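Okay, so here's the structure we're looking at.
All of these numbers come straight from a predicted model, not from anything done at the bench. Counting from 1, the numbers follow the sequence of the chain as shown. In listed order, ligands and their atoms are each counted from 1.
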Amino acid sequence: MSNPSEARYDVIVIGGGNAGLCAALSAREAGAARVLVLECAPFALRGGNSRHARNLRCAHAAPTEILTDAYSEDELFDDLVRVNGGVTDAELAKLVVARSAECVPWLQTFGVRFQAALRGTLQLDRTNAFFLGGGTALMNSHYAAAERIGIEVRYGAEVVALDIRDGTFRSATVANGERRYEAHAQAVVLAAGGFEANLEWLREAWGDAARNFVVRGTPHNTGTVLRQMLAAGAAPIGDARECHAVAVDGRAPQFDGGIVTRLDCVPLGIAVNRDAQRFYDEGEDVWPKRYAIWGKLVARQPGQIAYAIVDAKVRGRFMPSVFPPFEAASIPELAAELGLPARELEATVNAFNAAVKPGSFDPDALDDCRTDGLTPAKSHWAQRIDTPPFTGYPLKAGITFTYLGVRVDGQARVVATDGTPFANVYAAGEIMAGNVLRKGYVAGIGMTIGTVFGRIAGDSAAHHASH
Ligand SMILES: Cc1cc2nc3c(=O)[nH]c(=O)nc-3n(C[C@H](O)[C@H](O)[C@H](O)COP(=O)(O)OP(=O)(O)OC[C@H]3O[C@@H](n4cnc5c(N)ncnc54)[C@H](O)[C@@H]3O)c2cc1C
């Protein structure tokens with residue numbers, strides 16, 4: 001067997017999630033003969049955060065088999081700009097939006113299958129295409145396609161250093177257990193995710209609060225490649241504190257709990273901190289445009305803990321957590337179950353109930369059920385919490401992925417601090433998502449960014465390698 005350190009590839013892709021596999025498939029499609037994917041996880045954990053994802057967001061002009069109605073490019077662009085408070089690289093955001101419509105048919109050519117969207121608090125049937133079998137099935141399709149078309153994949157292959165000289169990538173140092181070797185290529189695609197699984201780095205950004213964060217996805221996205229690339233002179237993009245973070249069940253494991261620990265009941269009830277005080281408008285906007293801020297909201301509460309409380313009226317209207325809820329016949333009893341101060345919780349619920357204005361409850365629309373004269377207000381879906389049994393869930397900040405990344409251009413080339421692109425270094429997915437996502441998130445855009453930029457990066461890298 002040849003020594004892997006002597007192998008020379010056209011394109012090396014670092015990271016075997018959706019962005020990496022899209023880049024590898026696209027590089028092969030564009031004619032790169034020798035494509036290598038270096039994935040640090042073992043086979044069983046391949047696919048990074050992508051194996052947890054369920055859908056991607058895409059513009060479309062008319063109903064399709066898997067999407068209802070129409071979702072114009074303008075509307076998707078507006079959604080993206082709004083959730084980011086107007087701060088985004090508009091050119092790259094437009095590129096993502098314009099190419100989002102191609103994602104489903106392109107993925108289908110490699111065997112990815114989709115299903116009709118779900119209804120309920122997700123409200124995504126018009127905007128998001130759901131992977132049949134979820135992200136794990138998506139990643140299995142990707143890896144099967146990679147094998148069919150001759151892409152080499154190495155598992156347990158952690159890139160620990162990059163050799164970049166004069167703006168040009170030469171090789172990556174790969175650690176495989178005790179063994180280390182160099183992998184050389186004409187071009188490299190960085191698709192190794194963010195730094196969300198690096199608790200030390202999170203602590204640098206968030207201070208001690210990070211100790212109470214839960215990492216929803218893979219423990220392997222530690223940001224090693226991002227750090228290496230920034231040290232090599234890549235221009236950083238985004239803020240280390242900005243991230244996608246949702247409210248997860250407080251009983252979730254430290255890593256890789258995935259989607260089943262997320263709690264979607266917040267807009268249907270109230271959320272209180274450990275002092276039993278409400279702290280934010282639970283019904284500010286539809287949940288797909290708000291769920292991704294709730295991790296940060298919980299992170300700012302004392303002890304980084306909060307509690308969602310609903311009553312029997314909304315049972316069955318949200319996806320339940322994998323953990324059983326705390327339940328009681330009265331609010332003081334529920335407070336005791338949750339370890340909250342009973343009198344304070346009762347006072348908070350009473351004040352909330354007194355402020356609820358009559359309206360027509362509609363969980364699928366921005367309804368007119370709101371509070372009056374209450375701070376913070378609840379702007380939609382405000383119903384009295386008065387029907388036992390009462391249900392509560394502890395909430396923790398569940399970090400999904402970080403936005404600090406490397407700056408790229410429209411060809412997915414990584415750009416140096418002096419504004420010039422590296423000669424043969426491309427990036428896709430979480431490691432560059434901050435170019436588009438600075439503050440906020442719309443559900444499904446992570447996989448869209450990874451697919452669109454994965455395709456572009458693979459294509460650009462293959463073209464570079466052929467010249
Ligand atoms: C629970 C959960 C649910 C989600 N649901 C959705 C959803 O429904 N829709 C959506 O759009 N987004 C969703 N996301 C976000 C989405 O998963 C990410 O935006 C997307 O997966 C990013 O793809 P990626 O390829 O950049 O990263 P990843 O899929 O995480 O892949 C990165 C890969 O790089 C590997 N790696 C890391 N460091 C190294 C190294 N040094 N050397 C070699 N390999 C390395 C990792 O092992 C990993 O496999 C979800 C995320 C989570 C955690």
Side-chain angles (χ1 to χ4, degrees), residues 12-24 37-43 45-58 100 103 117-118 122 124 127-131 134-135 138-139 142-143 153-162 172-176 183 189-198 214-229 243-246 248 252 255-262 288 291-292 398-403 405 427-433 436-437 441-451 453-454 457:
I12 288 178
V13 176
I14 304 174
N18 176 61
L21 267 289
C22 287
V37 176
L38 295 169
E39 167 55 52
C40 70
F43 178 92
L45 292 179
R46 69 182 184 180
N49 283 346
S50 304
R51 73 197 202 288
H52 289 298
R54 292 173 303 159
N55 57 63
L56 57 77
R57 183 168 286 251
C58 39
S100 68
C103 290
L118 307 168
L122 291 167
L124 294 173
T127 54
N128 287 40
F130 278 71
F131 311 118
L138 166 83
M139 293 313 303
H142 278 338
Y143 277 102
V153 178
R154 291 191 200 151
Y155 299 105
E158 183 187 8
V159 170
V160 290
L162 300 171
T173 306
V174 184
N176 186 324
V189 177
L190 313 178
F195 68 89
E196 56 275 356
N198 186 329
V214 164
V215 180
R216 301 176 67 212
T218 178
H220 294 285
N221 285 0
T222 52
T224 308
V225 173
L226 173 59
R227 265 222 162 115
Q228 286 279 323
M229 203 54 221
C243 59
H244 179 294
V246 308
V248 294
F255 291 105
D256 246 348
I259 191 69
V260 293
T261 65
R262 175 173 132 188
Y291 76 101
I399 186 160
T400 319
F401 67 95
T402 46
Y403 293 172
E430 288 177 5
I431 198 167
M432 50 63 64
V436 177
L437 303 171
Y441 190 79
V442 277
I445 204 71
M447 296 299 276
T448 309
I449 293 171
T451 305
F453 268 92

- Message: Students often mix this up, so state it plainly: with edges at 30° and 60°, are the rings of Tyr291 and His244 parallel, tilted or perpendicular?
- Response: perpendicular
So, 4.0 Å and heavy atoms of [X]: is ligand 1 close enough to count as a contact?
X	answer
Ala157	yes
Gly444	yes
Tyr441	yes

Mind checking the [atom1]-[atom2] spacing from [X] to [Y]? Nearest 0.5 Å is all I need.
X	Y	atom1	atom2	value
Arg216	Asp256	CZ	CG	11.0 Å
Leu190	Leu226	CG	CG	9.0 Å
Phe130	Leu138	CZ	CG	13.5 Å
Glu158	Ile14	CD	CD1	11.0 Å
Asn221	Asn198	CG	CG	10.5 Å
Phe131	Leu56	CZ	CG	4.0 Å

If the cut-off is 4.0 Å to any non-hydrogen atom of [X], which atoms of ligand 1 fall inside it?
X	answer
Gly446	11 (O), 19 (O)
Leu38	43 (C), 44 (N)
His52	1 (C), 2 (C), 3 (C), 52 (C)
Gly217	53 (C)
Glu158	41 (N), 42 (N)

Decide yes or no for [X] and [Y]: does some side-chain heavy atom of the first lie under 4.5 Å from some side-chain heavy atom of the second?
X	Y	answer
His142	Cys22	yes
Tyr441	Phe401	yes
Met229	Ile431	no
Ser50	Glu430	no
Asn128	Arg54	no
Leu38	Ile12	yes
His52	Ile259	no
Asn18	Thr451	yes

Counting both backbone and side chain atoms, is some N or O of [X] under 3.5 Å from an N or O of ligand 1?
X	answer
Leu56	no
Arg54	yes
Ile14	no
Thr222	no

Who's closest to [atom] heavy-atom-wise, of [options]?
atom	options	answer
atom 6 (C) of ligand 1	Ala53, Gly223, Ala427	Ala53
atom 40 (C) of ligand 1	Ile259, Val159, Val37	Val159
atom 44 (N) of ligand 1	Gly429, Cys40, Gly20	Cys40
atom 17 (O) of ligand 1	Asn49, Asn128, Ile399	Asn49
atom 15 (C) of ligand 1	Phe195, Phe130, Phe401, Phe453	Phe401

Location of contacts on [X] toward ligand 1, heavy atoms closer than 4.0 Å:
X	result
Asn55	both
Ala191	backbone
Ile445	backbone
Tyr155	neither
Ala433	neither

- Message: I'd like to check the side-chain hydrogen bond (donor to acceptor under 3.5 Å, both in side chains) partners of Glu39; sequence neighbours left out, ordered by chain and number.
- Response: none
How far is [atom] from its nearest protein heavy atom, and which residue and atom is that?
atom	result
atom 47 (O) of ligand 1	Glu39 OE2, 2.5 Å
atom 10 (C) of ligand 1	Met447 CG, 3.2 Å
atom 46 (C) of ligand 1	Asn221 OD1, 3.2 Å
atom 18 (C) of ligand 1	Glu430 OE2, 3.4 Å
atom 21 (O) of ligand 1	Ser50 OG, 2.8 Å
atom 38 (N) of ligand 1	His220 O, 3.4 Å
atom 53 (C) of ligand 1	Thr400 CG2, 3.6 Å
atom 25 (O) of ligand 1	Ala19 N, 3.0 Å

- Just do the side-chain contact (heavy atoms from CB on, under 4.5 Å) check on Val436 and Ile445 with the steps written out, would you? CA-CA 10 Å; Val436 177; Ile445 204 71; 5.5 Å; no
